[in-house]
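What you see is a predicted model; the values in this text were computed from it and never measured.
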Amino acid sequence: MGNRNTEQLNLMHFGKGFIAALDQSGGSTPKALSQYGVEENQYSNDEEMYTLVHEMRTRIIKSPAFDSQYILGAILFENTMDRKIDSQWTADYLWEKKHIIPFLKVDKGLADLANGVQLMKPISGLNELLDRAVDRNIFGTKMRSVIKEANPEGIHDVVAQQFEIGKQIFSKGLIPIIEPEVDIYSPDKEKSEQILKEEIQKQLHLLDKEVKVMLKLSIPTVNDFYSDLISDPHVVRVVALSGGYSREEANQKLSQNHGLIASFSRALSEGLTAGQSDEDFNAELKETIKGIYLASIT
């Protein structure tokens with residue numbers, strides 16, 4: 001592990017701040033652009049769409065508000081990793097100019113619901129993608145599954161799949177973020193979380209001593225329910241998944257879970273539009289980022 005990786009690992013393990021998820025891809029991109037004030041009639045193909053998305057992401061990343069005082073890491077999707085900001089690969093710009101740790105979303109979306117869960121679709125070309133991520137100086141990866149019901153078989157399968165691919169990712173020198181999201185609207189959310197924690201603990205117990213992972217989990221029903229996962233020697237950090245909650249609600253719940261750090265995607269770009277002056281854009285983003293940070297340092 002090189003000096004850069006060791007420094008990033010220590011920062012991710014001990015640093016204060018939250019993770020900025022800038023990884024909406026494919027299907028969610030037109031919506032993200034529309035909220036930013038760029039309508040579908042302003043681009044005519046995927047290449048033009050992704051160029052506009054990169055301009056939006058570049059504006060966020062280059063903003064003085066996007067600061068390592070508040071932000072520990074940023075999750076990118078493949079198209080952003082393969083583009084540049086001011087003639088540097090995005091991951092290099094993030095680390096060298098901003099001191100923010102770059103991650104890459106690697107999953108290809110969710111399979112259909114079965115046994116109360118949605119596993120990940122097969123990730124074709126994963127090895128090549130991971131090799132490219134290493135070349136681009138990415139630190140870690142992210143991949144998401146979803147748990148809708150407290151089905152022991154389904155939850156076992158989700159966690160087993162996540163850890164199997166996680167070990168493959170770690171073997172390439174990257175830190176995997178394992179993300180088995182529990183649907184916050186699930187009627188048996190608390191029961192799902194009990195089963196999930198047991199399955200995660202079984203998998204952690206089976207890991208070789210040197211293997212490190214991160215966990216990204218829905219904010220638990222019972223406060224501090226994941227404290228034993230946070231202190232596990234294999235776990236670099238446990239990140240809270242705030243999907244589905246309003247920013248205020250997520251911040252309030254986070255403040256009751258010590259050691260969990262936040263991750264925000266949609267909330268980060270709320271109120272930002274293409275037509276704003278840089279002054280207004282940066283002021284809006286700064287207020288958002290400071291608000292998230294202050295609520296999430298517990």
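- The closest side-chain donor-acceptor pair between Gln162 and Ser145 falls under 3.5 angstrom.
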(message) Assess the residue pair Glu96 and Arg4 against the criterion (salt bridge (Lys or Arg N to Asp or Glu O under 4.0 Å)); give the C-alpha distance rounded to whole Å, side-chain angles, the decisive distance to 0.1 Å, and a yes or no.
(response) CA-CA 10 Å; Glu96 290 169 19; Arg4 172 167 166 161; 3.5 Å; yes
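- Taking the side chain as every heavy atom from C-beta outward, Val222 and Glu190 approach each other to under 4.5 Å.
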(request) May I have the step-by-step check of salt bridge (Lys or Arg N to Asp or Glu O under 4.0 Å) for Asp131 and Lys172, ending in yes or no? (result) CA-CA 7 Å; Asp131 288 339; Lys172 294 282 189 177; 2.9 Å; yes
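- Linking Ile, Leu, Val, Met, Phe, Trp and Tyr residues whenever their side-chain heavy atoms come within less than 4.5 Å leaves Phe14 and Leu260 in two separate clusters.
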(message) salt bridge (Lys or Arg N to Asp or Glu O under 4.0 Å) for Asp92 and Arg136? Distances and angles first, verdict last.
(response) CA-CA 7 Å; Asp92 287 332; Arg136 297 273 191 271; over 6 Å; no
(message) With side chain to side chain donor-acceptor pair (under 3.5 Å) as the criterion, how do His99 and Glu7 come out once you've worked through the C-alpha distance, each side chain's angles and the decisive distance to 0.1 Å?
(response) CA-CA 10 Å; His99 214 64; Glu7 187 182 349; 3.2 Å; yes
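- Shown here is Glu164, whose CD atom has no more than 12 heavy atoms of other residues, nucleotides or ligands within 6.0 Å.
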(message) For a side chain to side chain donor-acceptor pair (under 3.5 Å) check, start with the C-alpha distance between Lys216 and Ser263, then their side-chain angles and the critical distance, and finish with the verdict.
(response) CA-CA 9 Å; Lys216 191 174 179 194; Ser263 164; 3.2 Å; yes
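- Formation of a donor-acceptor pair under 3.5 Å by the Gln276 side chain with backbone atoms of Gly271 is found in this model.
- Considering only heavy atoms from C-beta on, Leu207 comes within 4.5 Å of Phe163 through its side chain.
- A donor-acceptor contact shorter than 3.5 Å links the side chain of Ser192 to the backbone of Asp188.
- Defined by atom type and a distance below 3.5 Å, a donor-acceptor pair is present between the side-chain atoms of Glu193 and Thr221.
- Between the side chains of Glu198 and His156, no donor-acceptor pair is found at a separation under 3.5 Å.
- Defined by atom type and a distance below 3.5 Å, a donor-acceptor pair is missing between the side-chain atoms of Lys105 and Thr141.
- Under a 3.5 Å cut-off, the side chain of His205 and the backbone N or O of Ile200 do not form any donor-acceptor pair.
- In this structure, Tyr70 and Tyr293 have perpendicular ring planes: the angle between them is above 60°, well past the 30° mark.
- We find that Arg59 and Asp278 are joined by a salt bridge, their nearest charged nitrogen and carboxylate oxygen being less than 4.0 Å apart.
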(request) Show your working on salt bridge (Lys or Arg N to Asp or Glu O under 4.0 Å) between Lys191 and Glu149 and close with a plain yes or no. (result) CA-CA 9 Å; Lys191 180 65 180 162; Glu149 297 167 22; over 6 Å; no
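- Of the charged side-chain nitrogens involved, none lies within less than 4.0 Å of a carboxylate oxygen, so that Lys167 and Asp208 do not count as a salt-bridged pair.
- Applying the 6.0 Å contact sphere to NZ of Lys286 captures no more than 12 heavy atoms from other residues, nucleotides or ligands.
- Using a cut-off of 4.0 Å between Lys/Arg side-chain N and Asp/Glu carboxylate O, Arg83 and Glu47 are scored as salt-bridged.
- Checking Lys148 against Ser186 by side-chain atom types alone, no donor-acceptor pair falls below 3.5 Å.
- When side chains are defined from C-beta on, Asp135 does not count as touching Trp89, because their heavy atoms never get closer than 4.5 Å.
- Less than 6.0 angstrom separates the ring centroid of Phe77 from the ring centroid of Tyr50.
- Geometrically, Lys98 does not engage Tyr93 in a cation-pi contact defined by less than 6.0 Å to the ring centre and at most 45° from the axis.
- In plain terms, the two heavy atoms of Phe139 and Asn5 that are nearest each other are CE1-O, 4.1 Å.
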